[in-house]
Each structure stands twice: as C-alpha cells, then as structure tokens.
Peer 1: 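Got a structure for you, written out below as structure tokens; questions coming shortly.
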Amino acid sequence: MRYAKRGRLRFTSHRDISRAVERAVRRAGIPVAFSGGFTPHPKISYAGAAATGVASEAEYLEIGLTETRDPARVQADLDAALPPGLDIVDVVPAGPGRAGDAQARPAALADRLEASEWRIRLDGVAQDAAAAAVAAFMAAGSIEVERLTKKGRRRFDVRAAVSSCELDRRAAEAADAPCAILRMVVRHSTPAVRPDDILTGLRQVADLAPPSPPLVTRLAQGPLDAATGGLADPLDPDRETGLPTGDDAGPAGGARPRPGDPASADAVSA
C-alpha cells in the first residue's frame, strides 16, 4: 500500500501511525494475518517511513491477509477508517511472479525503495540566495556533516547521496508567501541522509540559514533510473501480475495518483 501523511498528521510519530493503522484494520474488518508465538502481532510491516514532522505523499506498508480481498475495496474500507490526513492512496496485491516463474518474482518492497524525491519549502529565503546555495552544493565534491545517531555522533558525506537538486521557481512564485522551494532526489544510504542533513550542508557551503523551520514533503520513493534521474513507481512490479476480479473490483476514486504528482505537493499546508 502507498499512503500519505498530510496536514497536521505530519507531526504524528511513526509509532502512533502504526497504532492508528492497526485500529483501522480492525474497524474495517480486514482479515489480517497474525504472527505465531506467545504474543501474536498483526502482519503489518513498514518500509522507509518518514520522520516525525515530515509530510509525505509516498509512504509504504505491507499487510498480510488470511484471505483474498479486492484491492479497491481494501483501499476504500481502510481509508474510511483512518483519520483525515492519513490517507490510503494505492493498494495492489503482492504478486509472486508470473506462472510461478522464480525469475519473474518481484523484489521485496523495501529493496525497491532506492531513493526519495523531496520538496523543501524555505519561507523567508530569497530565490536568488537559494539558487546560489544549490549551485555551490552541487558543485562541491563532498560535504561532510555530523549528526547524533543511535551509535553516537557520526560524520558522513551528504553530497554523495544527492542525485539532483534544483530550485522550483514556478512553485515558489505561486506560493502564498515569499519563499524558496527546493526539489531534490536523494539516494537511500547508510546512515540515511535526511533533508535536514542537506540543509546543514547548504548552510556550510553557502551560509543559507532559513529564518523559520522548513516545510518538508516527500513526494515519491522508488527505484532510481540512473539515466533520467527520475523515480519509478515501486508498486508497478506487483501491479503487472494483475488484480483479483470480483463484483466489487474496479478503480477507487477514478485515476490512480502517481508518486510525485504536482497536484498533491501543497497538500501539507493545512
């Protein structure tokens, strides 16, 4: 499943989101499978969850079911049971490959999330200053920053993880207040390079210091195309195996939104 974290829900922790999903699954009557042992847990796993305070149009989870259900109905029922701002955007069945062909078996969902596309709104920052900072950042061979992790303080190169970074002038001009808006594609690495790490790098190379906290939105996650620098939909390999048929099968809510759809870019401003 792909779900979005919008509006005030961007301040919800991942633990609270997982609890909300578990409650919604029960309310929606979805036949979720449970693990074995003395303390069974619902088989719900998350891949690449965004940090607290970060909005997202492309979060992913997997739910194990005890029986086959139509994806469109699962999407509608679960979305209705979740609070506004935590929205199910897309649901597909996890396919085992075509005709049992092991060579056609899709890779694990987490392995397909190779990079993220981010949108960072910097209120009170002039576009020319942001453009100069981006140019200096992309021209640098390496930019090391330091961050406190679970294993203590670590220094790592943030420049190597950034595949592309540019100033979105059209979006900034259409905004409700003077600001600079950055869009960037960042490879997933260990340790993970987060948007705030990149802002630290921009401050180091160009003294770019926004006067207010940035508004960060993840627009997409997925396989990174080295030739184009764009991201593919990570659910496409499963989608190609086909959807279950039934009386209630069919699209939910019309055309399926794609990760990074510009129409959803400002959905976090509430």
Side-chain angles (χ1 to χ4, degrees), residues 5 10-11 14 47-59 113-173 175 177-231 259-260 265-266 268-269:
K5 187 173 64 164
R10 67 181 180 269
F11 298 112
H14 177 63
T52 303
V54 174
S56 179
E57 292 296 314
E59 301 296 286
L113 305 182
E114 299 175 350
S116 291
E117 181 181 359
W118 297 96
R119 178 181 185 269
I120 304 178
R121 171 169 167 158
L122 305 173
D123 287 314
V125 174
Q127 293 190 41
D128 290 343
V134 168
F137 183 94
M138 296 303 292
S142 66
I143 302 174
E144 288 194 349
V145 303
E146 187 176 83
R147 188 179 76 221
L148 182 63
T149 69
K150 293 180 180 179
K151 297 182 178 180
R153 288 200 168 275
R154 296 188 62 178
R155 291 188 64 85
F156 50 93
D157 181 14
V158 296
R159 175 62 188 88
V162 179
S163 175
S164 64
C165 182
E166 61 184 5
L167 181 68
D168 191 339
R169 291 186 179 274
R170 288 189 297 178
E173 290 168 357
C179 66
I181 295 178
L182 308 182
R183 290 185 67 142
M184 59 189 69
V185 174
V186 182
R187 299 181 186 88
H188 294 173
S189 59
T190 304
V193 173
R194 306 184 307 202
D196 56 326
D197 297 323
I198 297 171
L199 292 176
T200 299
L202 289 169
R203 184 167 61 249
Q204 287 184 9
V205 299
D207 198 26
L208 184 70
S212 60
L215 181 60
V216 180
T217 305
R218 174 147 55 192
L219 300 178
Q221 288 191 82
L224 178 62
D225 188 328
T228 65
L231 300 180
D266 292 324
V268 299
S269 58

Peer 1: Near Arg155 CZ, under 6.0 Å, is it more than 12 heavy atoms from other residues, nucleotides or ligands?
Peer 2: yes
Peer 1: Tell me whether Arg187 contacts the main-chain N or O of Ala160 through its side chain, where contact means a donor paired with an acceptor under 3.5 Å.
Peer 2: yes
Peer 1: With side chains defined as the heavy atoms from C-beta onward, is the minimum distance between Ile120 and Ile181 less than 4.5 Å?
Peer 2: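 Not touching, per the 4.5 Å side-chain cut-off.
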Peer 1: Any non-hydrogen side-chain atom of Glu173 less than 4.5 Å from a side-chain atom of Gln127?
Peer 2: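 Touching, per the 4.5 Å side-chain cut-off.
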Peer 1: Looking at Arg159 and Asp197, is there a salt bridge between them, counting it only when a charged N and a carboxylate O are closer than 4.0 Å?
Peer 2: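 Salt bridge absent between Asp197 and Arg159.
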Peer 1: Do you know the tightest heavy-atom contact between Leu113 and His188?
Peer 2: O-ND1, 2.6 Å
Peer 1: Is there side-chain contact between Pro195 and Val54, with at least one heavy-atom pair below 4.5 Å?
Peer 2: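 With C-beta onward as the side chain, the pair stays apart.
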Peer 1: Kindly indicate whether the side chain of Arg10, heavy atoms from C-beta on, has any atom under 4.5 Å from the side chain of Leu215.
Peer 2: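 Yes, side chains in contact.
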Peer 1: Nearest heavy-atom pair of Pro191 and Phe156: which atoms, and what distance?
Peer 2: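 Pro191 and Phe156 have their closest heavy atoms at CG-CD2, 3.7 Å.
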Peer 1: What I'd like to find out is whether the side chain of Leu202 reaches to under 4.5 Å of the side chain of Leu182, using heavy atoms alone.
Peer 2: yes
Peer 1: Please check: side-chain N/O of Thr217 versus main-chain N/O of Leu219, any donor-acceptor pairing under 3.5 Å?
Peer 2: no
Peer 1: Do side-chain atoms of Asp157 reach the backbone of Ile143 as a donor and acceptor pair under 3.5 angstrom?
Peer 2: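 Pair found, side chain donor or acceptor close to backbone of Ile143.
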Peer 1: Between Arg218 and Ser116, which heavy-atom pair has the shortest distance, and what is it?
Peer 2: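 Looking at all heavy atoms of both residues, the closest pair is NH1-OG, 2.9 Å.
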Peer 1: Do the side chains of Val158 and Thr200 get nearer than 4.5 Å, heavy atoms only?
Peer 2: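 No, too far: nothing below the 4.5 Å cut-off.
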Peer 1: Restricting to non-hydrogen atoms, name the atom on Ala115 and the atom on Leu224 that form the minimum distance, rounded to 0.1 Å.
Peer 2: CB-CB, 4.2 Å
Peer 1: Sub-3.5 Å donor-acceptor pair from the side chain of Glu117 to the main-chain atoms of Ala220, do we have one?
Peer 2: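 Checked: no pair found.
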Peer 1: Between Glu59 (side chain only) and Ala50 (backbone N and O only), is there a donor and an acceptor less than 3.5 Å apart?
Peer 2: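 Yes: the side chain of Glu59 pairs with the backbone of Ala50.
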Peer 1: What's the shortest heavy-atom distance between Leu167 and Ala131, and which atoms?
Peer 2: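 Reported closest heavy-atom pair: CD2-CB, 3.9 Å.
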Peer 1: I'd like to know if Asp123 and Arg121 make a salt bridge, using a cut-off of under 4.0 Å between side-chain N and carboxylate O.
Peer 2: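 Yes, Asp123 and Arg121 are salt-bridged.
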Peer 1: Locate the shortest heavy-atom distance separating Leu199 from Pro214; write the atom from each residue and the value.
Peer 2: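 Closest pair (atom of Leu199, atom of Pro214, distance): CD1-CG, 3.5 Å.
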